[in-house]
Amino acid sequence: MPSPLRVAIVGGGQIARTAHMPAFRQLPGQVEVVAVVDATAELAAAFAESWGLPYHSADLEGTLAAVKPDLVAIASPPALHATQVAAALRSGAWVWCEKPPCLSLAEYDAMIAGEQDGGPYAAIVFQQRFGSAARHARQLISTGALGTPYVAHCQTTWYRDPDYYAVPWRGKWATEGGGPAMGLGIHQMDLMLELLGEWTEVRAMAGRLARDIETDDVTTALVRFASGAMATVVNTSLAPRQVSHIRIDLADGTLELSHLYGYANADWTFTPAPHASEKAWDPPAEDVPSSHLTQLRGLVADLRAGRRPRASGQDSRRSLELITAMYKAALTGQSVRAGEIGPGDPFYESMHGGRSDLL
């Protein structure tokens with residue numbers, strides 16, 4: 001058996017404690033978390049003590065040199081991701097980075113420039129696309145087994161009270177990058193793209209309706225796909241009845257997913273068209289929930305094989321590009337096409353493109 005992959009955690013906050021560390025601990029013999037880096041030496045020491053880690057520090061570069069991890073899990077605030085991912089890649093470590101991957105397309109392109117053929121690669125935590133039902137749905141839709149996709153709805157309607165935004169980096173363009181599309185809805189939008197493929201055009205609106213923040217607290221969009229399908233997208237942090245929902249109406253039936261933070265096969269339903277059979281959608285034999293662990297299993301296998309993992313490179317960039325296009329469309333009042341936002345466009349450098357005063 002090969003030696004366990006050596007893992008360093010960067011950022012010892014809630015997501016590291018509730019998602020990353022439990023996932024790593026469920027792969028004994030395959031991975032071993034050997035270090036934590038946090039904002040202060042005291043925070044790093046406390047995290048290391050609670051999880052029994054042998055190394056802790058507030059210095060990422062020093063940790064990378066001393067520990068030489070195979071994989072670095074980035075669970076820090078979004079404004080730190082780009083420089084931390086780039087540093088890890090330079091050291092030769094693979095990366096697993098929390099969403100949102102960074103604050104702009106310019107940052108994303110710069111941070112993944114350190115990837116090399118055969119690795120290291122930087123994968124983004126987009127765990128919603130890795131559940132067994134999502135993989136099954138993607139195959140059926142892409143092969144035409146459910147007929148042509150026509151209409152879709154992608155909804156992340158969650159509730160975050162004012163105390164949520166009291167965390168210093170939340171609700172600010174310079175540290176969170178955007179509103180609920182970036183911090184909350186990015187997972188469902190990534191899953192929507194996973195199921196429906198490439199998008200071609202976006203029209204959108206964004207507003208700051210209730211929270212005392214710099215960014216928006218509501219974004220809505222209309223999205224056209226290369227297939228011709230059209231979708232509505234809603235993201236907000238103001239919805240008392242919380243739900244994450246995707247609905248896709250195809251020629252042979254309606255496929256729906258309703259959940260909050262994760263799903264199993266039972267959370268998906270299929271309503272056949274009058275001419276179609278209910279058996280057009282047979283749930284997969286395995287029932288693998290969407291989770292950090294499910295994505296991590298694949299990432300570990302890809303790392304050992306030296307192949308590009310899913311949810312990395314251009315595969316992850318398209319979700320960030322969609323959100324960027326939504327903000328550009330909302331703040332300019334114009335439709336935005338895929339591929340048009342590049343160097344020289346103010347929205348390439350920031351989500352608000354210098355127009356945040358228009359919210």
Side-chain angles (χ1 to χ4, degrees), residues 11 13-15 39 74-86 97-112 124-126 156-190 202-221 233-239 316-336 340-359:
Q14 181 182 10
I15 196 67
I74 307 290
S76 55
L80 304 175
H81 290 178
T83 56
Q84 292 174 342
V85 169
C97 180
E98 269 296 337
K99 58 77 186 171
C102 53
L103 304 184
S104 69
L105 289 173
E107 280 196 356
Y108 188 88
D109 291 343
M111 81 178 190
I112 67 168
I124 309 304
V125 178
F126 281 143
T156 303
T157 44
W158 293 0
Y159 187 82
R160 298 294 184 266
D161 63 18
D163 287 344
Y164 173 83
Y165 290 105
V167 175
W169 57 265
R170 288 191 178 131
K172 296 181 175 65
W173 294 105
T175 48
E176 192 170 20
M182 281 284 277
L184 306 179
I186 190 170
H187 281 306
Q188 289 304 111
M189 288 186 287
D190 180 75
V202 173
R203 302 180 184 190
M205 293 188 292
R208 187 189 309 111
L209 305 185
R211 299 291 175 254
D212 183 18
I213 56 179
E214 291 180 5
T215 64
D216 57 293
D217 50 25
V218 178
T219 56
T220 64
V233 179
V234 178
N235 300 288
T236 186
S237 57
L238 306 178
S316 285
R317 190 185 190 277
R318 68 177 181 175
S319 296
L320 189 65
E321 184 188 7
L322 175 61
I323 296 172
T324 308
M326 287 169 57
Y327 279 116
K328 180 176 181 179
L331 293 170
T332 64
Q334 301 172 353
S335 65
V336 177
E340 79 170 53
I341 302 174
D345 188 318
F347 287 90
Y348 180 71
E349 301 295 337
S350 69
M351 288 289 163
H352 58 72
R355 299 190 179 202
S356 58
D357 59 312
L358 297 180
L359 282 179

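Under the 4.5 Å side-chain criterion, counting only non-hydrogen atoms from C-beta, Met351 is in contact with Thr324. In this structure, Tyr108 and Ser316 have side chains that are in contact, with non-hydrogen atoms separated by less than 4.5 Å. Contact of the Glu321 side chain with the Ile341 side chain is not registered, since no non-hydrogen atoms from C-beta on lie closer than 4.5 Å. Proximity of Asp216 to Pro180: side-chain heavy atoms (C-beta onward) are separated by under 4.5 Å at one or more points. Counting only heavy atoms from C-beta outward, the side chains of Glu340 and Lys328 approach each other to under 4.5 Å. The shortest distance between side-chain heavy atoms of Met326 and Asn235 falls below 4.5 Å. Using a 4.5 Å heavy-atom threshold, the side chains of Pro101 and Ile186 count as touching. The side-chain heavy atoms of Val336 and Phe347, taken from C-beta on, include no pair separated by under 4.5 Å.
Using modelled atom types, one side-chain atom of Arg170 and one backbone atom of Tyr164 make a donor-acceptor pair closer than 3.5 Å. No donor-acceptor distance shorter than 3.5 angstrom exists from the side chain of Arg160 to the backbone of Tyr165, with no hydrogens or angles considered. A distance-only check finds a donor-acceptor pair linking the side chain of Asp217 to the backbone of Ala210 [under 3.5 Å]. Remark: side-chain polar atoms of His81 are not paired, donor with acceptor, to backbone N or O of Ile74 under 3.5 angstrom. Not one N or O on the side chain of Arg203 forms a donor-acceptor pair closer than 3.5 Å with the backbone of Ala329.
With rounding to the nearest 0.5 Å, the separation of OG1 in Thr157 from CD in Gln188 is 10.0 Å. Put simply, CZ on Phe126 and NZ on Lys99 are 9.5 Å apart, with the number rounded to the nearest 0.5 Å. In this structure, Leu320 CG and Arg318 CZ are separated by 13.0 Å, a value rounded to the nearest 0.5 Å. Between the NE2 atom in His187 and the OG1 atom in Thr156 there is a gap of 9.5 Å [rounded to 0.5 Å]. One distance of note links CZ of Arg317 with CG of Leu105; it measures 4.5 Å at 0.5 Å rounding. Expressed to the nearest 0.5 Å, how far SG of Cys102 lies from CD1 of Ile124 amounts to 7.5 Å.
With no hydrogens or angles considered, a side-chain donor-acceptor pair links Gln84 and Ser76 at under 3.5 Å.
Atom CG of Asp212 has 12 or fewer neighbouring heavy atoms from other residues, nucleotides or ligands inside a 6.0 Å radius.
Listed here is the closest heavy atom pair of Glu349 and Ala106: OE1-CB, 3.6 Å. Across every non-hydrogen atom of Pro77 and Trp169, the tightest pair is CG-NE1, 3.7 Å.
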Derivation and outcome, side chain to side chain contact (heavy atoms under 4.5 Å, CB included), residues Leu103 and Trp173:
CA-CA 8 Å; Leu103 304 184; Trp173 294 105; over 6 Å; no
The test is side chain to side chain contact (heavy atoms under 4.5 Å, CB included); show your working for Val218 and Val234 and say whether it passes.
CA-CA 8 Å; Val218 178; Val234 178; 5.5 Å; no
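Geometrically, Arg211 engages Tyr159 in a cation-pi contact, judged by NZ or CZ lying under 6.0 Å from the ring centre and within 45° of the ring axis.
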